[in-house]
There are 2 protein chains.
Amino acid sequence: MGRKGESNRQRIVEAADRLFYRRGYNQTSFQDISDETGIPRGNFYYYFKTKDDILDAVVDARIAELESWLKHCESETGDPRERVLMFISIIDEKQADTLQSGCPVGTLNSELAKDTPELQQKATRAFNLFRDWLKQQFMALGLSDVDNLSMDLLARMQGIALLACAFKDRDFIQRSHSELREWVMQKTSS
Amino acid sequence: MGRKGESNRQRIVEAADRLFYRRGYNQTSFQDISDETGIPRGNFYYYFKTKDDILDAVVDARIAELESWLKHCESETGDPRERVLMFISIIDEKQADTLQSGCPVGTLNSELAKDTPELQQKATRAFNLFRDWLKQQFMALGLSDVDNLSMDLLARMQGIALLACAFKDRDFIQRSHSELREWVMQKTSS
DNA sequence: GTCTATATGTAGATAGAC
DNA sequence: GTCTATCTACATATAGAC
């Protein structure tokens, strides 16, 4: 059973990814994942030894998605500034999800920082991937202080996502992303 | 049986506040609170009907703490700009906790936004209190756009706290708070 | 007001039939 | 590979003795 070309393992990871995002890791049970996939609970242990192993696969999936976005930005234009602006446009398109559940990477980090530092380190991998990519773009523009610039941009994005979700304020996202674009323009024109 | 002048109810709330902050709400059990206070699990139900009621009291406690900080800023100086800068200094002093567990209000919001919107609304009360206070300070300075300014400052603080906690980066907090002060100076001098 | 014993549900994980 | 039945641990919550 299961749709063609979609392994049970893959279906579990996709459902877990969705549920971990919407409800949080700790608040998602095997029963929830079973309900969404139709795959019996006990079957999960054929593919994953523990719940943490499922999280591991989910983090890998989120990293892969982030990588695909970065590659897309790179393929669309050779101008590093345009690439960064394009990334902002991509997350801007995820408004609806951000409003409801925040940033998939940020909220996971925040949740795992409490009580499970080992897993949290895994979640920061996605942050690091993005930081490194930003650094490359800023370096290609001949900027100094690329480490700080990258952290600052990421911090702004995270603050925006957190407040937008807390207040369910769509206008705030739009205004903030617009100001973020201006910030990028200004910082990359010196 | 409880230190003098400290009711059992109060001791439960204080322990819960600490544990909810460090481990998260969902990851903190009655057993944990019992272990910290020495008060038996079953006893909690004399003071609170449900676990949610404990959270309610914890949120009230965090709001009360925030209010005391704001009052302190107001009592120290009549200059609204100085008040805002003083608030940044206060949270700057909480670096160690922020590094370990993030912002007590921000992380709680983030956790409760997933799956328990009712409780999350309660947690946003603290955000709203701070926003209103900031608006008052900015208005007293004769600024326009006080709503956006307040949201932007809060968003920056939240982004800083989240990344500092994710990367356990003390230098980042210090640099960012320093830049936040400059931002306040600039915005309030127009 | 305080504490113990316990009810009731559900979590993650395992064993073993098919 | 798939599924059911079940184990053990622990969660919130309740009942009732003291």
Side-chain angles (χ1 to χ4, degrees), chain A residues 1-59 108 111-112 114-120 122, chain B residues 1-59 108 111-112 114-120 122:
Chain A
M1 332 262 161
R3 283 166 277 166
K4 241 179 156 184
E6 219 182 14
S7 70
N8 275 353
R9 193 196 135 94
Q10 197 178 340
R11 287 171 59 218
I12 292 169
V13 173
E14 282 168 9
D17 191 359
R18 228 174 6 250
L19 289 165
F20 290 175
Y21 181 37
R22 295 200 194 142
R23 308 187 188 175
Y25 173 66
N26 289 303
Q27 285 298 101
T28 300
S29 70
F30 280 42
Q31 186 61 53
D32 294 330
I33 304 174
S34 173
D35 290 344
E36 273 236 334
T37 56
I39 299 167
R41 283 193 302 289
N43 204 339
F44 296 171
Y45 292 90
Y46 176 74
Y47 301 101
F48 305 96
K49 253 182 23 200
T50 67
K51 194 187 178 190
D52 287 0
D53 287 342
I54 298 183
L55 176 64
D56 198 90
V58 166
V59 172
L108 187 62
E111 179 178 8
L112 299 181
K114 318 231 166 188
D115 225 26
T116 32
E118 327 82 55
L119 292 179
Q120 191 244 340
K122 199 180 298 294
Chain B
M1 322 247 167
R3 280 165 279 166
K4 239 179 154 184
E6 219 181 17
S7 70
N8 275 355
R9 192 197 137 93
Q10 196 178 341
R11 288 171 59 218
I12 292 169
V13 173
E14 283 169 8
D17 191 358
R18 227 172 8 249
L19 289 165
F20 290 175
Y21 180 37
R22 295 199 194 143
R23 306 186 189 176
Y25 172 67
N26 289 302
Q27 286 297 100
T28 299
S29 71
F30 280 42
Q31 186 62 52
D32 295 328
I33 304 173
S34 173
D35 290 345
E36 272 236 340
T37 56
I39 298 167
R41 283 192 304 287
N43 203 339
F44 296 171
Y45 292 90
Y46 176 74
Y47 301 101
F48 306 96
K49 254 186 16 204
T50 67
K51 194 187 177 188
D52 286 0
D53 287 341
I54 299 183
L55 176 63
D56 198 271
V58 166
V59 173
L108 187 62
E111 179 178 7
L112 300 180
K114 316 232 166 190
D115 225 26
T116 31
E118 327 83 54
L119 291 179
Q120 190 243 342
K122 198 181 298 294

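Chain identifiers are assigned alphabetically (A, B, ...) following the order of the sequence lines, protein sequences preceding nucleic acid strands; residue numbering begins at 1 within each chain. All values reported here derive from a predicted model rather than from experimental measurement.
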In whole angstrom, give the distance that lies between atom CG of A/Leu55 and atom P of C/dA13.
12 Å

For A/Thr50 and for B/Pro40, locate the closest nucleotide of DNA chain C by heavy-atom distance; then report the residue assigned to the nucleotide nearer the 5' terminus.
B/Pro40

Are any of the side-chain heavy atoms of B/Leu108 and B/Val59 separated by less than 4.5 Å?
yes

Over how many whole Å does the gap from B/Phe48 atom CZ to C/dT2 atom P extend?
13 Å

Can you find a side chain N or O atom of A/Tyr47 that sits less than 4.0 Å from OP1 or OP2 on D/dG1?
no

Closest non-hydrogen atoms of A/Ile33 and A/Thr28, given as atom of the first, atom of the second and distance, are CG1-CG2, 4.0 Å

Do you know the tightest heavy-atom contact between B/Tyr47 and B/Asn8?
OH-CB, 3.3 Å

Here the distance between atom C1' of D/dT8 and atom OH of A/Tyr45, to the nearest Å, is 12 Å

Would you confirm whether the ring centroid of B/Phe48 sits within less than 6.0 angstrom of the ring centroid of B/Phe30?
no

Among D/dT2, C/dA11, C/dT2, the one nearest any side-chain atom of A/Gln31 is C/dA11

Check against side chain to side chain donor-acceptor pair (under 3.5 Å), B/Asp52 and B/Tyr25
CA-CA 10 Å; B/Asp52 286 0; B/Tyr25 172 67; 2.6 Å; yes

Rounded to whole Å, how long is the line connecting atom CZ of B/Arg41 with atom C1' of D/dA13?
11 Å

Quick check for you: to the nearest 0.5 Å, what is the distance between A/Gln27 atom CD and B/Asn26 atom CG?
3.5 Å

For DNA chain C, the residues among residues 20-30 of chain A that have a non-hydrogen atom under 4.0 Å from it:
A/Thr28, A/Ser29, A/Phe30

Salt bridge (Lys or Arg N to Asp or Glu O under 4.0 Å) contacts in which one or both residues fall within residues 26-50 of chain B, not counting sequence neighbours:
B/Arg18-B/Glu36, B/Arg23-B/Asp32

Within the pair A/Asn8 and D/dG1, is there a side-chain N or O less than 4.0 Å away from OP1 or OP2?
no

Expressed as a whole number of angstroms, how long is the span from A/Tyr46:OH to C/dA15:P?
17 Å

Starting at atom CG of B/Leu19, determine the distance to atom P of D/dT12, rounded to an integer number of angstrom.
12 Å

Output the rounded distance in Å from CG (A/Asn43) to C1' (C/dG16).
14 Å

Take atom CD of B/Gln10 and atom P of C/dG1, then tell me their distance rounded to the nearest Å.
14 Å

